[in-house]
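Input: a single structure, listed below in structure tokens.
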Amino acid sequence: MVIDLRSDTVTQPTPAMREAMYRAEVGDDVYGEDPSVNRLQELAAERLGKEAALFVTSGTMGNTTALLTHVERGGAAIVGDQAHIYRYEGGGAVRLGGIQLWVVPNQSDGGFDLARLADSITDDSDEHTPPTRLLCLENTHNRCGGCALGPEKMMALCRVAHARGLRVHVDGARIFNAAVALGVPVSQLVAEADSVTFCLSKGLSAPIGSLLVGSRDFIERARWVRKALGGGMRQAGVLAAAGIVALEQMVERLAEDHENARLLAQGLADLPQVRLAVERVQTNIVIFRLYDGARPLSEEDCAPFLARLKSEGLLLSSMGSGLLRAVTHYGIDRQQIETALLIIRHTLAEMLPPARAERSA
Ligand code: TLP
């Protein structure tokens, strides 16, 4: 049995999802006639406290659709330097929308310094700079170790943007992880945002799909963009049916994934070859670095370690620049976390013996 901690995208649909998919009532969703898709969209809008929602194929399609709907060709969108939209979405905003991504450094929790953010906003008065139309936030923040931004921080960030006439889009691929970790309704986290993408196919375990939510007018315009991107699906109710189960049955259990991630983080932090900020592990993502004594390992140095773990039945992922990632999810239990720690401990003891890997102060 392989312990696959590469991502929560590897989750398998639950038996209840498979059953719901089998029984799903379907219709042509491009005509707006798929009852299961319509039900999922209504449920998503209600949970996020917005007027409307649109079922899309993936988180990437949700974010790209949002960017293309909010920002005209030649406009700019502010993204964090660690943002998924900036790093991992195939450059869709510029490739498909001619949108300039204006990069601002993320703070360690995935937020922004408010003054620096305000400073980076430009308006239409200067022909030298593309006018900023949109602020993109990410919650939880993937490359910032799954950190969750609370309602006050979200509100403060949105207010800086709104005060200057920008819209705010939240890449909330894992927004339900944030809500569960913080113990607040998800609607409170995104109360001031203009649009949100969230994923069904990560910790919520559905096989495919994400939702883009926002005002009715925004979603009507986003439908056109989705169609142009080839995302107008037909009898998509077979997928939406699993998504409904995800929203109804799989949210509260995310707390279990968070507990397992903390257990993993604590075990890793005890190893002399590992550096990791345990207090930043708030949800289901654990990001860490390996050290050979005082020297951090590069991505290249980490490759044999990951290969060795793989041969022992443990999969982790590399986030580049020597950052390694483990993600807990449905299908991974406490016992498997303990086994993963055992594998990592003895592999490191052989490959980076502690005598050499003693921490410098
Ligand atoms: N993230 C994937 C990889 O692309 C890195 C993962 O394994 O974590 N926003 C965020 C914050 C994400 O983490 C992801 C997926 C997406 C958007 C895109 O979702 P999909 O994969 O459905 O396009």
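Because only heavy atoms are used, hydrogens play no part in the values below, and waters and symmetry mates are left out as well, while side chains stay in.
A donor and an acceptor atom, one from each side chain of Thr14 and Ser205, are nowhere located under 3.5 Å apart. Using a 3.5 Å distance cut-off with no hydrogens or angles, the side chains of Gln282 and His258 do not pair a donor with an acceptor.
Ionic pairing of Asp34 and Arg234 is not present here: no N-O contact between side-chain nitrogen and carboxylate oxygen is shorter than 4.0 angstrom. Using a 4.0 Å cut-off between charged side-chain N and carboxylate O, Arg216 and Glu220 make no salt bridge. A salt bridge links Asp301 with Arg295: at least one charged nitrogen is closer than 4.0 Å to a carboxylate oxygen. No salt bridge links Arg174 with Glu138; every basic N to acidic carboxylate O contact stays at or beyond 4.0 Å. Taking a cutoff of 4.0 Å between a charged side-chain nitrogen and a carboxylate oxygen, Asp194 and Lys50 do not qualify as a salt bridge.
Note that the CG atom of Asn139 and the CG atom of Leu149 stand 4.5 Å from one another [nearest 0.5 Å]. The distance from the CG atom of Leu247 to the CZ atom of Arg47 is 5.5 Å, given to the nearest 0.5 Å.
Applying the ring-ring contact (aromatic ring centres under 6.0 Å, His included) definition to pairs two or more places apart or across chains, none involves residues 93-134. Applying the ring-ring contact (aromatic ring centres under 6.0 Å, His included) definition to pairs two or more places apart or across chains, those involving residues 216-256 are His70-Phe218.
Ser36 contributes a side-chain N or O that, together with a main-chain N or O of Glu25, makes up a donor-acceptor pair within less than 3.5 Å. No donor-acceptor distance shorter than 3.5 angstrom exists from the side chain of Asp29 to the backbone of Gly32, with no hydrogens or angles considered.
Grouping the Ile, Leu, Val, Met, Phe, Trp and Tyr side chains by contacts below 4.5 angstrom, directly or via other members, places Leu134 apart from Ile121.
Under the side chain to side chain contact (heavy atoms under 4.5 Å, CB included) criterion, Gln249 pairs with Ala16, Val245, not counting sequence neighbours.
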